[in-house]
Amino acid sequence: RWQLGRLLGTSVPELHRFLERLGRGDVAADTPVAEHQKNSVLDWLARTRLGLARIDSERVQAQGRQQRLQQLYTALVQCNQAIARCSDADELLTQICRVVVEHGGMRLAWVGRVMPPGQRVSPVAWFGEGTDYLRGLQVSVDDAIASGQGQTGLAYRTDQAVWVQDFANSPVTRPWHERGAQFGWGSSAGIPLHQGGVVCGVLNVYTDLTQAFDDDVRHLLLEMTADIDYALNNLAREAQRQQAQAALRESQSRFLLAQEAAHLGVWEFDLATGAGYWSPECERLYRLAPGTLKNNKDWRALVHPADLAVIDAQWAQRVMKGQGFEVEYRLRPDTGPERWLLSKGQAQYGSEGQPLRLAGINMDITARKQAQAVLQIKDAALDASLSGVAMADLQGRLTYVNPAFCRLFGVAPEAALGQPAAAYWRAGKDGADLLQTLSRRGHTSEVLQGQRANGEHYVAMMAVTQVLDHTGMPLCLVSAFT
């Protein structure tokens, strides 16, 4: 029992509780391992938890980045629509600030212009939860004073975007560190706006995340401000209006091409009237010609009846509570082969908090769903197989065993995983020569004879194969026992 305790590193109930936490996906809690517990099962599980926690953290970061990019893509569409709707510059800039916050994931957006006399910058449009930040804010474009050395002054004078990735510690924002701390700014940016080729103002955006402006985010924000510049020129002179419209169409064309390449469709509709817009790529996802979908009723008629309840539940659980939504659903069987779509978006709300419009994206996830189904079938087939199957890494450590393997060798899965496969290949003998054979030939087989823990004897035929990737590099080892 002492040797078993040293091997396990802790009590069996404690190991069981730890495995239950891992099985639930709970990898957050740290598991301290004392020096005398090194190289035990507990130590291996603790290192496994660290690896899973790192993978989970990377997944969350990637999802957060993807969500921010999707928000900005939606904001770009909304920005272009605001440009088409607005009739004067003040209305346009106010709508742009709203779009950047509501659809782009920023906390605050404001546009500053230099107001004569002097070189002081005054806000002319703003939107967000931190608008109190602007009360009494001292900003200038004069490079001789501290308030002119910030992102707004630098962007105005240099005609270059200024990206502040760490608001609390950047020298660019030093005069506003204390003020920014009250609002939780993590990153900020100042992007110059132009009219007639001359800087006429600066779009300032703020978020609570540090390092928020990677290359993709910068590209989208710069594309957005380019569209704003065209619109300002359009509102200034009729001739420039024609030029701005051409640039807008080009921008929309690029966006539609990007949608088509990514199989990503954009949509929105009015909740009061049901009338809506589905981009051409979005309608192609529904196997429709561009311009076919007119309203929400037309769209619902295309959704698999069994999945409408899931969509309606998202409405009740998230949209009515002011949250974004994400739902997966199928098209009706009579529209063609099975197709799964992912829909993500959010609502625009009125002054009393009632949802007015929905806007979002559609993505074809059929291939992913089919791959998941194939994996589930493979997992079920392996579990149901009468032959023992085991997988090992290139160092010969077991990473998977099926039930038939466990019955053949009289071992529990948790006891086998992570152990040297040679313990089963050669009944406890060194398997180094077998690994060398696999490395040289790619496969081998032999007859095994051994004794289970309960004393029963077994005889099995073993075949081991080295699995290669598409480039011919080894991935893992697979063995079958009959």
Side-chain angles (χ1 to χ4, degrees), residues 25 55-56 58-74 76-77 103 255-269 271 274 276-321 323-347 355 357-383 470:
I55 292 172
D56 188 63
E58 292 172 351
R59 177 187 61 82
V60 170
Q61 291 176 2
Q63 287 179 339
R65 180 178 180 277
Q66 184 64 26
Q67 180 182 5
R68 290 193 295 274
L69 288 177
Q70 289 172 345
Q71 287 176 326
L72 284 168
Y73 273 118
T74 303
L76 181 60
V77 174
H103 298 283
F255 186 67
L256 291 175
L257 287 173
Q259 290 182 50
E260 184 175 354
H263 300 294
L264 186 73
V266 175
W267 57 266
E268 68 168 336
F269 65 87
L271 293 172
Y277 164 78
W278 286 261
S279 70
E281 178 61 23
C282 191
E283 292 186 288
R284 278 191 283 271
L285 293 177
Y286 289 95
R287 302 190 176 102
L288 300 174
T292 303
L293 285 173
K294 303 298 183 184
N295 52 53
N296 187 41
K297 183 178 179 180
D298 293 343
W299 169 78
R300 288 180 67 89
L302 298 171
V303 178
H304 196 297
D307 295 340
L308 284 173
V310 178
I311 295 171
D312 293 339
Q314 283 276 319
W315 171 267
Q317 296 170 7
R318 301 191 65 83
V319 176
M320 294 303 293
K321 297 178 182 179
Q323 301 172 347
F325 62 88
E326 179 175 341
V327 64
E328 299 176 354
Y329 55 87
R330 296 162 290 174
L331 299 187
R332 291 179 64 92
D334 55 8
T335 64
E338 182 179 67
R339 174 167 289 181
W340 280 88
L341 296 180
L342 168 67
S343 183
K344 298 181 69 172
Q346 62 184 35
R357 300 178 67 84
L358 287 180
I361 62 169
N362 279 154
M363 182 183 298
D364 187 348
I365 58 170
T366 306
R368 190 189 80 190
K369 284 289 188 179
Q370 291 173 343
Q372 290 174 344
V374 170
L375 287 175
Q376 290 172 353
I377 293 172
K378 289 181 178 178
D379 288 344
L382 287 173
D383 287 345
H470 69 282

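- In this structure, the side chain of Arg357 does not engage the main chain of Glu268 through any donor-acceptor pair within 3.5 Å.
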Would you tabulate the side-chain donor-acceptor contacts of residues 373-382 under 3.5 Å, counting partners in other chains and residues two or more places apart, or write 'none'?
none

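- Rounded to the nearest 0.5 Å, atoms OH (Tyr329) and CG (Leu342) are 8.5 Å apart.
- In this structure, the side chain of Gln314 engages the main chain of Glu326 through a donor-acceptor pair within 3.5 Å.
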Task: Test log, rule side chain to side chain contact (heavy atoms under 4.5 Å, CB included), inputs Gln346 and His103 - done: CA-CA 8 Å; Gln346 62 184 35; His103 298 283; 3.8 Å; yes

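- Pairing each heavy atom of Ala301 with each of Arg332, the nearest pair is O-CD, 2.6 Å.
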Open item on the list: As a quick check of understanding, evaluate side chain to side chain contact (heavy atoms under 4.5 Å, CB included) for Asn296 and Leu358, giving each step before the final call.
Closed with: CA-CA 10 Å; Asn296 187 41; Leu358 287 180; over 6 Å; no

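- In this structure, the side chain of Asn362 does not engage the main chain of Gly265 through any donor-acceptor pair within 3.5 Å.
- Here the closest heavy-atom approach between residue Arg300 and residue Asp312 is recorded as NH1-OD1, 3.0 Å.
- Here Glu328 pairs with Lys369 in a salt bridge; the nearest charged N to carboxylate O distance falls below 4.0 Å.
- The two residues Leu285 and Arg339 make their nearest non-hydrogen contact at O-NH1, 2.6 Å.
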Task: Test log, rule side chain to side chain contact (heavy atoms under 4.5 Å, CB included), inputs Ser343 and Phe325 - done: CA-CA 8 Å; Ser343 183; Phe325 62 88; 3.9 Å; yes

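- Expressed to the nearest 0.5 Å, how far CZ of Arg330 lies from CG of Leu302 amounts to 14.5 Å.
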TODO: Verify side chain to side chain contact (heavy atoms under 4.5 Å, CB included) between Tyr286 and Thr292, making sure each step is shown before the conclusion.
DONE: CA-CA 10 Å; Tyr286 289 95; Thr292 303; over 6 Å; no

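- Under 4.0 Å is where a charged nitrogen must lie from a carboxylate oxygen, and between Asp364 and Arg284 no such pair does.
- Shown here for Phe269 and Gly274, the closest heavy-atom pair between the two residues is CB-O, 4.1 Å.
- Between Leu288 atom CG and Trp299 atom CH2 the span is 13.0 Å, to the nearest 0.5 Å.
- The shortest non-hydrogen separation linking Val319 to Ala347 is CG1-CB, 3.9 Å.
- The two atoms that bring Leu264 and Met363 nearest to each other are CD1-CE, 3.6 Å, heavy atoms only.
- The closest donor-acceptor contact from the side chain of Glu283 to the backbone of Gly291 lies under 3.5 Å.
- Atoms CD1 and CG, from Ile361 and Leu341 in turn, are 11.5 Å apart once rounded to the nearest 0.5 Å.
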